[in-house]
Amino acid sequence: MYDMIVPLSFTLLLAAVSAPTGSNAPSSQASCPLTSTLIVVAKCACGYSVNATSASAFSVFTDLLETDFLHVYNLSGDIGWQRQEYNVTPQVARGTYGKKAELRNVVANPLNSSYDYTGSGALGGDPGLQLWVRGDSSDGLVGMGEIVAMRTDMLYGSFRVGMKMTAIPGTCGAFFWFRNDTQEIDMEFLSAQFNATSNPVNLVLQSPASEAAGYNAQGTPNFQLHPLPFSPDKEYHEYRFD
């Protein structure tokens, strides 16, 4: 059995606030505990625009959270993210196995120098934040890594992440916005689905409809298996939802 690793992002950058402005400002509210990456354009100190404010559709945010995991050397510091530690039994997970989030499965692998932006990480291999999946499930729980944003005041945003997946079958790499089991936006990458001709991402909206279907969103209108024109396990790629 193998231990598997998903190196997470060159840069995690999140912009989400309670007061967006612009022609497509959202009208709903929710808390946002998730990771993300965003490229923003700033013309003044009062906000950040996802695209040019002269465009027909734009949003301006008054705050952002940026984390560059290429240069994070201590995960115990005040970095805006919290490593998770919890268990979910197979019964609650509604599957053969449950899951076990452990602190040891979230590992910093920064570049050796704060002045570098290329090269191998201090532990070797791809630099960034490593999220491990453990091969030993003898206790019925799959060991895994997870982090969440510590801020809870981010009500709107453009959320982006740069990730490189593993090609070893058996993992689910995910990037998600979560409020509860019926209010979740989820991008899931199942390594068992990667092959030479197909590399999809599962786009999921957990909703009351998916709850009624036993939390299986595949039979609802809010599920899409979307083909990608690249291999998620070969390079870092940016993923986004607004």
Side-chain angles (χ1 to χ4, degrees), residues 6 8-9 12-38 48 50 57 59-67 80-95 97-101 106 131 142 144-163 165 171-190 193 200-226 238-242:
V6 181
L8 182 65
S9 188
L12 291 184
L13 201 159
L14 182 145
V17 287
S18 56
T21 60
S23 61
N24 64 342
S27 58
S28 60
Q29 297 186 19
S31 60
C32 303
L34 51 71
T35 61
S36 46
T37 302
L38 173 63
Y48 305 87
V50 173
S59 290
V60 174
F61 298 94
T62 58
D63 197 7
L64 83 162
L65 170 64
E66 176 182 8
T67 307
W81 302 94
Q82 185 171 35
R83 293 174 292 169
Q84 297 298 285
E85 189 170 28
Y86 62 86
N87 291 347
V88 177
T89 65
Q91 292 74 23
V92 174
R94 300 175 294 276
Y97 297 100
K99 61 182 179 179
K100 178 170 52 180
V106 182
L131 301 179
V142 177
M144 42 78 76
E146 181 179 318
I147 60 169
V148 302
M150 296 180 67
R151 286 180 56 175
T152 59
D153 61 338
M154 297 174 292
L155 306 181
Y156 310 89
S158 181
F159 306 100
R160 310 185 191 185
V161 64
M163 294 191 293
M165 310 302 172
T171 69
C172 175
F175 167 49
F176 57 91
W177 179 105
F178 178 85
R179 184 174 186 181
N180 56 44
D181 288 341
T182 60
Q183 298 182 74
E184 179 180 354
I185 303 171
D186 205 355
M187 293 184 181
E188 296 183 351
F189 302 83
L190 305 182
Q193 295 178 331
V201 55
N202 296 263
L203 304 177
V204 185
L205 292 180
Q206 298 291 355
S207 64
S210 62
E211 180 185 30
Y215 294 99
N216 182 3
Q218 288 184 322
T220 73
N222 298 320
F223 174 85
Q224 182 182 357
L225 188 66
H226 185 76
E238 183 182 270
Y239 307 93
R240 163 187 174 182
F241 53 82
D242 297 336

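Only a predicted model underlies this, so the values are computations on that prediction, with no experimental measurement involved.
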When rounded to the nearest 0.5 angstrom, what distance separates [atom1] in [X] from [atom2] in [Y]?
X	Y	atom1	atom2	answer
Phe223	Leu205	CZ	CG	11.0 Å
Trp177	Asp186	CH2	CG	12.0 Å
Glu146	Gln82	CD	CD	10.5 Å
Lys99	Tyr86	NZ	OH	3.5 Å

Check your understanding: Can you tell me if Thr171 uses its side chain to pair, donor with acceptor, with the backbone of Gly173 under 3.5 Å?
Key ->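 Looks like no, no N/O pair under 3.5 Å.
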Point to revise | Under 3.5 Å: donor-acceptor pair, side chain of Gln206, backbone of Val204 | key: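 Absent.
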Within a strict 4.5 Å, meaning less than it, do heavy atoms of the [X] and [Y] side chains meet?
X	Y	result
Ile147	Gln84	no
Leu65	Trp81	yes
Gln193	Leu225	yes

Exercise for review: Please name the residue in the list Thr182, Asn216, Asn180 that meets the side chain to side chain contact (heavy atoms under 4.5 Å, CB included) test with Glu211.
Suggested key: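 It is Thr182, the one option of Thr182, Asn216, Asn180 that forms the side chain to side chain contact (heavy atoms under 4.5 Å, CB included) with Glu211.
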Check your understanding: Under the criterion ring-ring contact (aromatic ring centres under 6.0 Å, His included), which of Phe159, Phe176, Phe189 is the partner of Tyr239?
Key ->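 It is Phe189; the other options fail the test.
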Exercise for review: Would you indicate whether Tyr215, at its atom OH, is surrounded by more than 12 heavy atoms from other residues, nucleotides or ligands within a distance under 6.0 Å?
Suggested key: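 Atom OH in Tyr215 is crowded, with more than 12 foreign heavy atoms closer than 6.0 Å.
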